[in-house]
*Asks:* 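Mind having a look at this structure? Questions to follow.
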2 protein chains.
Amino acid sequence: MGKKFTETHQVVYYECDTTGKMRLPMMINCVIKSSEEQSDALGRDKSFISKYGLTWVITHYDIQVSRFPKNGEQIAITTEAVSYNKYFCYRNFWIHDNEGKECAKIESVFVLMGIDTRKLASVPEEIIAPFESEKIMKIKRSPKIVAPSGSQSLNYRVRFADIDGNSHVNNSRYFEWMLDVLGYDFLTSHNLQQVSIKFDKEVEYGNEIESYWDLIEEEEVVSRHQIKIGNQLCAEACMKWTK
Amino acid sequence: MGKKFTETHQVVYYECDTTGKMRLPMMINCVIKSSEEQSDALGRDKSFISKYGLTWVITHYDIQVSRFPKNGEQIAITTEAVSYNKYFCYRNFWIHDNEGKECAKIESVFVLMGIDTRKLASVPEEIIAPFESEKIMKIKRSPKIVAPSGSQSLNYRVRFADIDGNSHVNNSRYFEWMLDVLGYDFLTSHNLQQVSIKFDKEVEYGNEIESYWDLIEEEEVVSRHQIKIGNQLCAEACMKWTK
């Protein structure tokens, strides 16, 4: 298994929603920060990766939430670059509270993209070695994500603040677009328990996206999501909720 | 003068724009956090204020920026509740870099609003005393803000994530709406040096706002802004820029 890295974080008010719980996009921002800090500590920061003409991009998250941390709470964020194959790097994150209880576990898939080509590149040994991840042959299959039925959607114009250092919309913003369509009443009366999200295509400044969704309220409450530009699928997700 | 309170903060990637500089809304979030921590330390946290049926609301900022801190930089945030009169509390913030150089100075006006009435209330001695602010009779006049000419605007739908613990759009979001209209090319080629902003009316979930602006590029580069719902003015600002 790979090297683990842990840092503590105090949840602050502007990371929380109106109910005082940490927002999912902010949780993702914080865990990604922990992976950047591990990379820095191992001499594999962005400037090292960019010497290869490459940058890290995330293609998948599978998120299990026991509970979202609250405003003011001290949490521990742990990350581990578990394994990798020719193209895909599998990294896990855990969030624990002060009593050592797990708040969330996040499994993710990282790939390397050519900064100029915007294409998938194979993983150089020099980049991955210090993380001591296990080299595997298998490509992990993520759970299949079913498209929302119907054509219920809201449109969002990409904002300047959505664009990150990779010159595209930051991963965490897709969650904003997907969650926001569900509305205030739903979001303040349901708890998000599980998310599978797949990023298919970069979204850039100047784009206007449609956030499609449907909601199935049977034994389980499930929302299904797609982010599209015209007919082009950019991201898709499935979320499970409890009341 | 009032008691001063200082805390350090490390600027992280998700607080920065695509150029790696701290974004104004995040700078505001961080300074407000420092005032909340001072209030907590002095036994005047939100729960204490809410016993009076009141909550703090900000009506003005005058912001001077020497430079925006960069991703990864360590900064010191200092706040002081300088003075107050019957209705208005004047609080300053400073951001300094590691060498003690001032990055920004922010003057602000806080008022107390009835949680149920949503109306301005006078400042109880019990709330303000621990800050050791000077009691003054004078009401400070902020610089007059001139409206943008013309009717150039973009509309923004209030999102769930815009709503804070006060059940209205958080102050920092108005900056997002005002800055975003200026566009990628302008924002990546100009430095914001000065902002005067006045908040006139709360914006709530379900609202759709228009962000009006104009841009004067003479000796000085000045942008003028209004946030409106229909004919109702919600906020207005003037910003000065250098290339």
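Note on naming: letters A, B, ... go to the chains in the order of the sequence lines (proteins, then strands), and numbering restarts at 1 for each one. Both backbone and side-chain heavy atoms feed into the values below; hydrogens, waters and symmetry mates do not.
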*Asks:* Does any backbone or side-chain atom of B:Asn170 lie under 4.5 Å from a heavy atom of chain A? Answer side chain, backbone, both or neither.
*Replies:* side chain

*Asks:* Who among B:Thr188, B:Asn71, B:Leu187 has the most heavy-atom pairs with chain A under 4.5 Å?
*Replies:*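 Heavy-atom pairs under 4.5 Å are most numerous for B:Leu187.
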
*Asks:* Taking NZ, NE, NH1 and NH2 as the nitrogens, is one of them in B:Arg118 or B:Glu204 under 4.0 Å from a carboxylate oxygen of the other?
*Replies:*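 Salt bridge absent between B:Arg118 and B:Glu204.
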
*Asks:* Hey, are A:Arg159 and B:Glu176 close enough for a salt bridge, meaning a charged N less than 4.0 Å from a carboxylate O?
*Replies:* no

*Asks:* Measure up the A:Tyr184 and B:Phe160 rings against each other and bin them: parallel (under 30°), tilted (30 to 60°), perpendicular (over 60°).
*Replies:*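 Rings of A:Tyr184 and B:Phe160: perpendicular, as their planes differ by over 60°.
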
*Asks:* Any chance CG of A:Asp116 has more than 12 other-residue heavy atoms, nucleotides or ligands included, within less than 6.0 Å?
*Replies:* no

*Asks:* Working to the nearest 0.5 Å, report the span between CD1 of A:Ile28 and CZ of A:Phe93.
*Replies:* 8.0 Å

*Asks:* Top residue by heavy-atom pair count (under 4.5 Å) with chain B, among A:Leu179, A:Thr19, A:Leu182, A:Leu154?
*Replies:* A:Leu154

*Asks:* Among A:Pro25, A:Ala161, A:Gly165, A:Cys30, who wins on heavy-atom pairs under 4.5 Å with chain B?
*Replies:*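 Heavy-atom pair counts peak at A:Ala161.
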
*Asks:* Who wins among A:Asn166, A:Asp162, A:Asn155, A:Val181 for the most heavy-atom pairs under 4.5 Å with chain B?
*Replies:*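 Heavy-atom pair counts peak at A:Asn155.
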
